[in-house]
Structures are given as structure tokens and as C-alpha cells.
Amino acid sequence: MSQPQPAEPVPNDTGAPTVPNRTLVLWMLGFIKPVRNQAAWCCVVLTCAIAVEVYAVQISGRAVNQLNKIHTATDATHKGLWKWFFSTTDIDAFTLRYLLLLLVVFVCAMAVLRYAREVANSKFSMNMVFFLREAIYDKLQRVGFGFHDSNSSGQLINRSLSDLQNVRTFAQSALLLTLEIILVVTGYILLILSKNVWVALLALAPLPIWTIYTIRFSKKVQPAAKAVLEAEDASIQVITENAAGVHVIKAFATEKQEVAKYTKAATEFQVRVLKRVRLFANFQPVIRLIASASHLSLFFVAGLLLILGKGKNIAGALSVGDLVILGGAMGAILGRLQQVATINEQYQNAIVSARRLWEVISFVPTVPEKTNPIEVPKRGIGEVVFEDVCFGYNPDKPVLCDVSFKVPGGAIVAIVGPTGAGKTSLINLIARFYDPQRGRITLDGVDLRDFSLSSLRSQVSLVFQETYLFSDSVSANIAYGRPGIDQGSIESASRLAQAHEFIEKLPQGYDTQLGERGMNLSGGQRQRLAIARAIVTNPRVLVLDDATAAIDAETEDLIRRGMRLTLFGRTTFVIAHRISTVKSADLVVVLEQGRVTQLGTHNQLMAEDGHYREIARVQLSDEPAVPAEMLSHMDRAGRPGEVGNAKQGAQRIKDAELEETA
């Protein structure tokens with residue numbers, strides 16, 4: 001769908017983007033464009049319905065005048081009522097029959113048009129909701145990790161539901177309800193104007209007063225509406241976190257604590273809602289007071305004109321039927337004008353919601369694509385090169401600094417380092433979940449930023465440290481990256497991941513439906529399905545982020561043996577803490593404090609002092625753990641003569657490769 005494109009925001013004094021309300025209103029109304037045909041039909045039906053309504057009021061006034069004429073006639077009482085009513089010669093009887101029949105026709109037409117309005121409005125509303133949701137969901141899928149990192153799931157859920165509904169309600173009301181108010185007020189004012197100019201002008205008297213009061217009220221209600229939505233965000237966030245972390249809550253018996261947390265959030269939400277309700281509770285009586293005063297004053301003036309003009313031919317005098325018309329017209333006008341309060345409430349809520357949705361729609365992707373990106377070539381060796389890469393989630397606080405190394409195509413690379421060294425951040429750059437602030441990363445000699453995201457990620461498969469499975473069948477979860485793949489390929493991938501055996505034991509085998517997040521499987525089983533999901537896409541680059549952490553050593557060894565043929569000729573990055581996993585790597589990259597401090601094979605790094613040898617000795621021998629006060633390799637690297645740096649390690653690898661070639 002072609003969604004309305006946001007304009008450039010105007011920066012305020014604080015540097016944060018500020019969007020004018022007028023821009024937001026035009027942006028919201030832009031969502032009517034995909035359903036403009038249905039919107040036009042709704043307007044046509046609405047116009048016909050109001051025209052019939054106004055004309056029906058006029059007919060009723062004429063009928064009352066006709067009855068009054070017959071009532072005052074001297075000879076009407078001497079005739080039998082029914083005989084007179086069905087008389088074919090009496091002109092008054094014929095006129096009354098005609099007016100009553102016409103009134104019945106118009107009342108029936110009003111009923112039909114009311115039904116048509118409900119159907120048309122419902123269809124228009126539902127289709128607009130569909131396009132709104134599609135636009136927001138599409139954008140949520142396209143924004144980078146940076147946006148999701150800065151917004152909680154509760155906020156995004158609330159924006160996709162409550163905020164979206166507020167925008168939809170206003171967009172619909174701004175078109176249909178505003179048009180209805182304009183048509184009704186204009187139609188009835190013209191009707192009254194045809195009877196008496198002064199009465200018509202008096203009917204318009206409340207409009208300036210309502211406008212001034214509404215503008216003053218708007219300045220107070222927007223902050224209150226924003227506070228309500230923020231409190232609703234917090235409340236939904238508590239619910240989503242509790243639903244996701246129910247096992248932790250049960251394990252630590254913190255149900256009372258969580259109930260108290262939700263009670264606090266719900267109480268704050270209730271307080272803010274009541275504050276907003278009080279604002280509108282103060283607003284509604286004033287509007288109704290103005291309407292009632294206007295209604296009473298109009299009837300007083302109309303009554304005077306009726307009495308003064310009775311039996312006299314005075315210009316501007318009103319008849320009994322005119323008084324009926326005035327009553328119906330003013331009831332309709334004041335009733336519709338009171339709906340201005342409804343539109344105003346919807347407008348205030350929609351402005352706040354639109355500003356929050358604007359943040360989603362106008363969010364600049366953290367990994368933007370070029371105008372004409374290229375596709376990853378179908379054939380390539382998978383060579384990956386990091387060139388002076390610096391990256392930080394906050395540019396002022398870099399996580400990776402001056403990272404440079406080259407991975408030959410088809411090599412297995414182990415990323416090793418202490419917690420917080422930047423290992424996961426490094427592999428996230430390979431799939432362009434983020435872009436480095438400095439330097440570049442190339443795949444087969446081409447900068448990753450030159451590729452289209454879909455093409456790049458089709459060639460890079462990841463197994464994350466935290467496995468996420470969807471509420472679907474086992475087969476669908478494995479084939480997630482390649483929907484429609486044949487069952488044989490699915491089973492082959494699951495065999496390589498050592499998952500086939502336990503899948504066959506499930507109630508429906510590969511057709512077994514998994515629960516939310518795959519909670520009906522063990523951690524190791526979920527991890528093996530994630531590995532199978534990565535393998536089945538046949539990627540050029542495979543990234544395993546501590547993928548065997550939840551798997552026992554024996555199964556890990558089976559997976560490693562089974563994947564040996566799969567990994568052949570495929571560039572593989574492995575984050576692992578087990579030296580048994582790292583030993584078979586072609587290249588080991590040691591990260592400490594965001595920098596590459598060692599580079600080489602297992603044997604080469606074991607021959608030099610550093611972080612790698614320290615952790616290897618702990619795992620491969622019965623030596624005690626490294627004392628906390630021992631200097632890290634980063635600290636020792638700054639002391640000349642103690643440890644060779646990463647460039648020396650890289651030079652040794654290059655020399656060894658030259659010797660092998662010779």
C-alpha cells in the first residue's frame with residue numbers, strides 16, 4: 001500500500017523534531033486516500049439523507065399549517081371527518097392527504113438511507129482500519145534494530161492498537177461528522193432564513209461562543225490525553241513482560257510483587273483517565289448550557305412573532321407550522337453542534353496518537369538502503385573483511401574500535417572474548433542489523449551497504465543466542481527462511497542439527513504445533529531447531545552466536561560432526577566459550593574491550609601469552625580460575641615487550657600461508 005509520506009519535521013529549541021498540528025491532521029486525512037471511493041459514497045448517502053431530513057421537516061410544517069387552516073374553517077366541522085378526508089372535491093382534504101402521504105414517503109426514505117449510511121460507514125471504517133494497520137505494521141517490520149531497542153514492546157503494541165484506533169476515529173469523524181454538521185446547519189439555516197431572517201441570525205449566535213470556548217479547552221486537554229496514553233503504555237508493558245516471563249515469576253514466587261506492580265500502573269492509568277474525564281465533564285455542561293439558552297431564546301422570539309402576526313398580515317410573522325419547523329430545525333442544529341464536542345475530543349486524542357504514530361512512520365532506518373542497491377551475486381566464495389570498523393549503539397560510546405581482520409571464503413572463524421567485549425555486536429554488523437559509524441565491512445570485495453537488505457540477509461543465516469520459535473508447526477519453523485521448501489530438505493537440515501530424532505518422537509512429528517516461543521520444547525531442542533532453520537536456507541555466511549550453549553557436550557560434538565560437510569566451503573562465524581568448539585576453527589579472533597587483541601589459530605594463540613591461553617588452560621586442565629586481580633590482556637598489551645599485538649599474530653598467519661604455498 002502507498003502510505004501517506006510524512007513531511008520534514010520542524011526542529012524545536014531542544015533539537016527534537018516537532019510536527020505542527022496542521023501537518024498531523026493532513027497526514028491523518030491522507031489515510032482516506034486508499035478508500036476514497038467508499039468515502040465518496042458515504043458522503044453521497046449522507047447528503048441525500050440530510051436533504052430528505054430537511055425536506056421532511058418542511059413538509060411537516062406545511063401539514064401543520066394545513067391542519068390549522070382546516071381547523072379554523074367554519075364549514076369543516078359540519079362534515080363527517082372520514083367522509084371529508086377522503087373527499088375528491090374538497091381541495092383542503094386533497095392537500096392534506098398529499099402532504100401526509102409525502103411525509104410517509106420521506107420518513108421511509110429516511111429509514112432506508114439511515115440503513116445505507118450504517119452499512120457504508122462500517123465498510124469505510126473497516127477498510128480504513130485495514131490500511132492503517134498495514135501501514136504501521138509494514139513500517140515496524142522495516143525499521144532497524146535501533147528503533148526496537150529504544151521502544152518497548154508495550155509501547156509498540158499500544159501504538160498499533162489504541163493510537164491507531166484514535167487516528168481512524170478522527171479521520172472518519174473529520175470527514176463524515178464534520179460534513180454532516182455543515183450540511184445540517186446550512187440546510188436548516190436556509191430553511192429558517194426562508195421564514196424569518198432575524199430568527200435565522202439568532203440561530204447562528206452560539207457559533208462564535210462555542211468556537212472560542214473550544215479553542216481554550218483544546219489547550220488543556222492535549223497534555224491530559226498524552227498522559228493517558230503514556231500510562232496505558234506502562235500498563236500494557238507490565239502485562240507483556242509478565243506474559244513473557246511467567247516462568248521466572250512462578251520460579252521465584254513473585255506473583256504478589258507483580259500484582260502490586262500492575263496495580264500501581266493501573267492506578268496511575270485510572271487517575272489520568274479520570275483527570276481527562278473531569279476536563280470533558282466540565283466542557284460538556286457549558287456547551288449544553290449555551291445550546292439550551294439559544295434554544296429557549298429562539299422559541300421566545302418565535303412565540304412573540306407568532307402572537308404579533310396572528311390574524312395580521314405582518315412581514316416576518318410566523319405561522320404555527322413555521323413554529324414546528326423552527327422546533328425541528330433548532331433541535332437538529334443544536335444537536336449537531338453539540339457533536340462539535342465529540343469531534344474536539346476525538347481530535348485531541350488523535351493529535352496525541354498521530355504524533356506517536358508519526359515517530360514510527362517517519363523514523364529514519366538505522367540501516368538505510370541505497371536508491372539502487374545491488375543483489376548479492378549468486379556465486380561467491382564468501383570472503384568477509386573488516387576494515388577499521390568502529391561501532392557503538394550510542395556513537396559517543398563505541399562498542400567496537402578499529403576492528404580489522406580478513407576471513408577467507410569458506411573459513412570457520414571463532415570469536416572469543418570476555419562478556420561485554422563486543423562479540424555479538426560484531427556479528428550483528430555482518431547481517432547489517434546495524435551499520436558501523438566508521439570503516440566498512442565487505443563481502444567478496446563489495447561493501448555491505450551496497451547490497452539490498454533482503455538480498456544480503458538471504459545469504460547470511462544466524463542462530464541467535466536466545467532462540468525464538470513461532471507458534472506454528474515444527475516444519476514451518478525450520479522452513480521459516482525458505483517457505484515452500486520440500487520436506488526432504490527440512491528433514492536433511494534437522495538431521496544435520498541432530499534434531500530429527502526428537503522431532504520424530506513428538507506427537508505429530510514434523511506437523512506438531514509448537515506453543516508460544518516453543519515453550520513445549522527444552523532449551524536444547526529449541527536451539528537445535530534454530531540451527532536447522534539456519535542450515536536449510538543454504539547461506540553463504542553462517543553465524544552461530546553461542547548456538548550450542550544450551551546443548552550438552554555430547555550433542556554438541558554430534559552437531560559439529562554432522563555440520564562438517566555443511567560448513568565446508570561456507571564462511572562460518574562462531575561465538576563460543578568452549579575451547580572444544582574453538583579448536584577446530586581456521587581463525588580465532590580474540591576481542592577485549594571492543595578491540596582485536598589476538599588473531600591466529602588455536603595452536604598459535606596457545607603459544608603466546610594472552611586472554612585466549614588463560615581461558616584455554618582453565619577449561620583444558622585442572623588449574624584454578626584466573627584471579628580477578630590478574631591484569632587483562634588489554635592492560636598487558638599496553639606494556640611494551642610483554643605481548644605481541646594482533647598485527648603480529650596476523651603476520652604469523654600470513655607467513656604460515658606463504659610457507660604452505662611454497
Side-chain angles (χ1 to χ4, degrees), residues 153 240-252 412 414-415 423-424 427 431 460-539 542-567 570 572-582 584:
S153 56
T240 53
E241 287 183 352
N242 274 262
V246 64
H247 293 82
V248 177
I249 295 169
K250 296 294 184 183
F252 287 90
I412 299 176
I415 312 295
K423 301 185 296 296
T424 300
I427 65 169
V460 180
S461 279
L462 295 97
V463 180
F464 295 99
Q465 189 172 6
E466 296 181 5
T467 303
Y468 189 96
L469 298 177
F470 296 91
S471 300
D472 207 334
S473 67
V474 173
S475 290
N477 271 279
I478 295 175
Y480 185 74
R482 290 186 63 186
I485 195 172
D486 61 275
Q487 188 65 24
S489 299
I490 293 174
E491 292 188 13
S492 296
S494 63
R495 289 179 189 276
L496 291 173
Q498 302 301 308
H500 178 74
E501 185 177 347
F502 85 80
I503 293 174
E504 286 293 306
K505 294 179 181 178
L506 295 175
Q508 285 83 39
Y510 283 87
D511 294 327
T512 301
Q513 294 292 314
L514 299 181
E516 185 179 10
R517 300 173 184 266
M519 286 302 180
N520 49 343
L521 300 177
S522 69
Q525 289 173 334
R526 292 198 298 271
Q527 200 75 354
R528 279 178 271 175
L529 286 185
I531 294 172
R533 179 170 60 190
I535 294 172
V536 81
T537 60
N538 192 29
L542 180 63
V543 179
L544 306 174
D545 185 359
D546 209 6
T548 56
I551 299 172
D552 60 89
E554 182 180 356
T555 304
E556 180 189 9
D557 184 60
L558 290 172
I559 292 175
R560 188 165 60 250
R561 293 180 183 180
M563 292 178 65
R564 189 170 299 163
L565 292 176
T566 303
L567 300 182
R570 193 187 315 277
T572 306
F573 289 81
V574 181
I575 292 181
H577 295 93
R578 293 175 182 171
I579 296 300
S580 58
T581 304
V582 180
S584 59

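On a predicted model such as this, the values are computed, not experimentally measured, just so you know. Residue indices begin at 1 and follow the sequence shown.
- Looking at residues two or more places apart in sequence or on another chain, you find a side chain to side chain contact (heavy atoms under 4.5 Å, CB included) between T512 and V474, L506, P507, Q508.
- Note: T572 OG1 to L544 CG = 6.5 Å, rounded to the nearest 0.5 Å.
- By the side chain to side chain donor-acceptor pair (under 3.5 Å) test, S489 is found to be paired with D486, residues two or more places apart in sequence or in another chain being considered.
- Not counting sequence neighbours, the partners of Y510 by the side chain to side chain donor-acceptor pair (under 3.5 Å) test are S494, H500.
- When every heavy atom of V536 is checked against every heavy atom of A479, the shortest pair comes out as CG1-CA, 4.5 Å.
- For N477, the side chain to side chain contact (heavy atoms under 4.5 Å, CB included) partners at least two apart in sequence or on another chain are L469, F470, D472, L514, R533.
- Contact record, I503 with I478: CD1-CD1, 4.1 Å, taken as the closest heavy-atom pair.
- Between P539 and V460 the shortest side-chain heavy-atom distance does not fall below 4.5 Å.
- Looking at heavy atoms from C-beta onward, L529 lies out of side-chain contact with Y480 at the 4.5 angstrom threshold.
- In this structure, L542 and A534 approach most closely via the heavy-atom pair CD1-CB, 3.8 Å.
- The nearest pair of heavy atoms linking N538 to R482 is CB-NH1, 4.4 Å.
- Within the structure, the ring pair (Phe, Tyr, Trp, His ring centres under 6.0 Å) test picks out no pair touching residues 519-539 (sequence neighbours left out).
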